[in-house]
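Sequence positions, counted from 1, serve as the residue numbers for this chain.
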Amino acid sequence: MVGGTYVRLVSYILAIAVICLDQLTKWLVVQNLEIGDSIPVIENFFYITSHRNEGAAWGILQGQMWFFYIVTLVVIVAIVYYIQKFAAKAGLLGAALGLMLGGAIGNFIDRVLHQEVVDFVQTFIFSYNFPIFNIADSSLCIGVALLFIQMVIDSKNEKKEGQIL
């Protein structure tokens, strides 16, 4: 299936692009900012702030590196399996899985090499100081949102097919 091979290839290329962008931006932050330094990009809304996280989202499970290693490896294997098995059926699914794969690997690299994740995107939304994150985190969130959209589309298509029969 040529189309399926193309969708899978695009999924992996998207993952590689996310990994490269994620690692480049983290490297730039580490090389140019001390932990805690902050550069305003849009005052009172968006800052580049050097931060480290030894846990997961919002700093939960601090210092549980072996847990993250195991979970991340399982997630990576599962995503690759889904890309190989199902991504060919829907381009949006392939994009979602590629973004999720890139995000998972991007933060996994940090955890393996540094035992912490470099975060640097700080936003204030309606004066709420949103937890500091990075490109890999964003990629994971966007991938999950696209996966959800694909699931809604699939569900609607299944209902239509059921009505036709």
Novice: Supply the atom-to-atom distance His114 NE2 to Glu54 CD, rounded to the nearest 0.5 angstrom.
Specialist: 13.0 Å

Novice: Any side-chain heavy atom of Leu73 sitting closer than 4.5 Å to one from Val77?
Specialist: no

Novice: Atom OG of Ser50 and atom CG of Leu28: how far apart are they, to the nearest 0.5 Å?
Specialist: 11.5 Å

Novice: Per the side-chain contact (heavy atoms from CB on, under 4.5 Å) rule, which among Leu24, Val18, Ile16 passes with Cys20?
Specialist: Ile16

Novice: If Ile, Leu, Val, Met, Phe, Trp and Tyr residues are connected whenever their side-chain heavy atoms lie under 4.5 Å apart, and connections chain through other members, are Val118 and Val41 in the same group?
Specialist: yes

Novice: Could you tell me whether the side chain of Leu140 reaches within less than 4.5 Å of the side chain of Leu99, counting heavy atoms only?
Specialist: no

Novice: Taking only residues at least two apart or on different chains, which pairs with a member in residues 28-41 satisfy side-chain hydrogen bond (donor to acceptor under 3.5 Å, both in side chains)?
Specialist: Ser38-Thr49

Novice: Working to the nearest 0.5 Å, report the span between SG of Cys141 and CE of Met100.
Specialist: 10.0 Å

Novice: Donor-acceptor pair, Ser11 side chain versus Val7 backbone, under 3.5 Å?
Specialist: yes

Novice: Considering residues at least two apart in sequence or located in another chain, which fulfil the ring-ring contact (aromatic ring centres under 6.0 Å, His included) criterion with Phe45?
Specialist: none

Novice: Can you tell me if Thr25 uses its side chain to pair, donor with acceptor, with the backbone of Leu21 under 3.5 Å?
Specialist: yes

Novice: Quick check for you: to the nearest 0.5 Å, what is the distance between Thr123 atom OG1 and Ile132 atom CD1?
Specialist: 9.0 Å

Novice: Determine whether a donor-acceptor pair (N or O, by modelled atom type, separation under 3.5 Å) exists between the side chain of Gln122 and the backbone of Phe130.
Specialist: no

Novice: Considering only heavy atoms from C-beta outward, does the side chain of Tyr47 approach that of Val121 to under 4.5 Å?
Specialist: no

Novice: Given 3.5 Å as the limit, does a donor-acceptor pair link the side chain of Thr72 with the main chain of Tyr69, or not?
Specialist: no

Novice: When you group the ILVMFWY residues by side-chain heavy-atom contacts below 4.5 Å and let the links chain together, are Leu14 and Ile76 in the same group?
Specialist: no

Novice: Are Ile105 and Val117 grouped together when hydrophobic residues (ILVMFWY) are joined by side-chain heavy atoms under 4.5 angstrom apart?
Specialist: no

Novice: Does any part of the side chain of Arg111, heavy atoms only, come nearer than 4.5 Å to the side chain of Glu116, both counted from C-beta?
Specialist: no

Novice: Taking the side chain as every heavy atom from C-beta outward, state whether Asn107 and Asn134 have any pair of such atoms under 4.5 Å apart.
Specialist: yes

Novice: Find the distance between CD (Gln150) and CG (Leu93) and round it off to the nearest 0.5 Å.
Specialist: 5.5 Å

Novice: So which pairs with a foot in residues 71-111 pass ring pair (Phe, Tyr, Trp, His ring centres under 6.0 Å), sequence neighbours left out?
Specialist: Tyr82-Phe86

Novice: Can you check whether Ile35 reaches His51 side chain to side chain, under 4.5 Å on heavy atoms?
Specialist: no

Novice: Does the Gln115 side chain pair with the main chain of Val112, one donor and one acceptor, at a distance under 3.5 Å?
Specialist: yes

Novice: Is there a path of hydrophobic side-chain contacts, each under 4.5 Å between heavy atoms of I, L, V, M, F, W or Y residues, that connects Phe124 with Phe133?
Specialist: no

Novice: Quick check against the 3.5 Å criterion: does Asp22 have a side-chain atom that pairs as donor or acceptor with the backbone of Ala136?
Specialist: yes

Novice: Flag the pair Met151 / Asp154 as yes when at least one side-chain heavy-atom distance between them is below 4.5 Å, and no otherwise.
Specialist: no

Novice: Can you get from Phe68 to Leu113 by hopping between Ile, Leu, Val, Met, Phe, Trp and Tyr side chains that sit under 4.5 Å apart?
Specialist: yes

Novice: Any ion pair linking Lys26 and Asp110 (charged N to carboxylate O, less than 4.0 Å)?
Specialist: yes

Novice: Do you know which two heavy atoms are closest between Gly143 and Ala96, and how far apart they sit?
Specialist: O-CB, 3.3 Å

